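Every chain is numbered from 1 and lettered A, B, ... according to where its sequence line falls, protein lines coming before strand lines. Everything numeric here is computed off the predicted structure, so don't read it as measured data.
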Number of protein chains: 2
Amino acid sequence: MENEQIEAIAAMLKTMSHPIRLKILCLLQGKEMTVGDIREEVKTTNANVSQHLSILRNQGIIGYRKDANFIFNRINDERVLELMQTMRKLYCQPE
Amino acid sequence: MENEQIEAIAAMLKTMSHPIRLKILCLLQGKEMTVGDIREEVKTTNANVSQHLSILRNQGIIGYRKDANFIFNRINDERVLELMQTMRKLYCQPE
DNA sequence: AAAGTATTAAATGGAAAAATTAAATACTTA
DNA sequence: TAAGTATTTAATTTTTCCATTTAATACTTT
């Protein structure tokens, strides 16, 4: 791995490494969710969810779609999905 | 993923998400290295390398072996190796 | 034992990240 | 247009992280 790539990957891991953000990524697997939807699953405020979403957006991991006064968030980066699959396999499998 | 697992994985990602620590993990793939060895590859001080190594050790990612006044560090957690392989495939492949 | 090398530990200061609160924007509906 | 809902922005405070410096420990060699 080149140094530049190490920096980029480290930044991406840092973005994923907050419990709330990682949980958001888990929740967004397979579906779109609004701030309000997410807020019901994660014990915090709307503003806090919104802040975490914007960090994920700035990293390019998630995207969104606007409809009325809702914003539907979705995972944008397929690689993150594959990475999470690997993590689930390694850290959540019984064996 | 359960909440508890999310917390644990987030902690592990956080440990890996510092450029120096991620570089150390790259360097340790396949070989043992001392603080001095690592310090030659990473532009920082011995004390700083030592601190990062202790963070990696506390997370259980690396282990060590003592010989004379050298400490040889090695990767302890096979899962981290597989995770890094996946990251290399996803983020460092030309295609 | 003294001097030298490798590493760690402890303390400091500064920078970055996080949660909280309050105010602003955007859209909808009554 | 006024009131209501969803989300974001901005400001503030608290917390956590990181690099640096200095001192301590452990071991070797002379």
Between [N] ([atom2]) and [X] ([atom1]): distance, integer Å:
{"X": "A:Lys43", "N": "C:dT20", "atom1": "NZ", "atom2": "C1'", "value": "17 Å"}
{"X": "A:Asp67", "N": "C:dT28", "atom1": "CG", "atom2": "C1'", "value": "12 Å"}
{"X": "B:Arg65", "N": "C:dA6", "atom1": "CZ", "atom2": "C1'", "value": "15 Å"}
{"X": "A:Ile24", "N": "C:dA18", "atom1": "CD1", "atom2": "C1'", "value": "13 Å"}
{"X": "A:Glu40", "N": "D:dA6", "atom1": "CD", "atom2": "P", "value": "10 Å"}
{"X": "A:Phe72", "N": "D:dT5", "atom1": "CZ", "atom2": "C1'", "value": "13 Å"}
{"X": "B:Tyr64", "N": "C:dT7", "atom1": "OH", "atom2": "C1'", "value": "11 Å"}
{"X": "B:Met16", "N": "D:dC17", "atom1": "CE", "atom2": "P", "value": "17 Å"}

Fill in: B:Ile6 side, atom CD1; A:Leu22 side, atom CG - distance, nearest 0.5 Å
5.5 Å
Discussion item. Distance check, rounded to the nearest 0.5 Å: A:Met84 atom CE versus B:Met1 atom CE?
Written reply: 6.0 Å
For a quick test of reading the model: is some side-chain N or O of [X] closer than 4.0 Å to OP1 or OP2 of [N]?
{"X": "A:Arg39", "N": "D:dT7", "answer": "no"}
{"X": "A:Lys14", "N": "C:dA16", "answer": "no"}
{"X": "A:His52", "N": "C:dA17", "answer": "no"}
{"X": "A:Arg57", "N": "D:dT7", "answer": "no"}
{"X": "A:Asn48", "N": "C:dA19", "answer": "yes"}
{"X": "B:Thr34", "N": "C:dT7", "answer": "yes"}

Worksheet item: With a 3.5 Å cut-off and just heavy-atom distances, do the side chain of B:Asn69 and the base of C:dT5 make a donor-acceptor pair?
Response: yes
Worksheet item: Does A:Tyr64 OH have over 12 foreign heavy atoms under 6.0 Å away?
Response: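 Open.
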Worksheet item: What's the closest nucleotide to the B:Gln51 side chain, out of D:dA6, D:dA11, C:dA10?
Response: C:dA10
Item to complete: Return the nearest nucleotide to the side chain of A:Ala47; candidates are D:dT7, C:dT7, D:dT9.
Response: D:dT9
Discussion item. Need to verify one output field. Residue with the more 5' nearest nucleotide on DNA chain C, A:Lys66 or A:His18?
Written reply: A:His18
Worksheet item: With nearest nucleotides of DNA chain C determined for A:Thr44 and A:Ala68 from heavy-atom distances, which residue corresponds to the more 5′ nucleotide?
Response: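 Mapping each residue to its closest nucleotide by heavy atoms, the 5'-most match is A:Thr44.
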Item to complete: Please report the shortest heavy-atom distance between A:Leu53 and A:Val35, naming the atom on each side.
Response: CD1-CG2, 3.7 Å
Worksheet item: Stepwise, does the side chain to side chain donor-acceptor pair (under 3.5 Å) test hold for A:Gln59 with A:Arg21?
Response: CA-CA 12 Å; A:Gln59 185 60 232; A:Arg21 292 196 291 271; over 6 Å; no
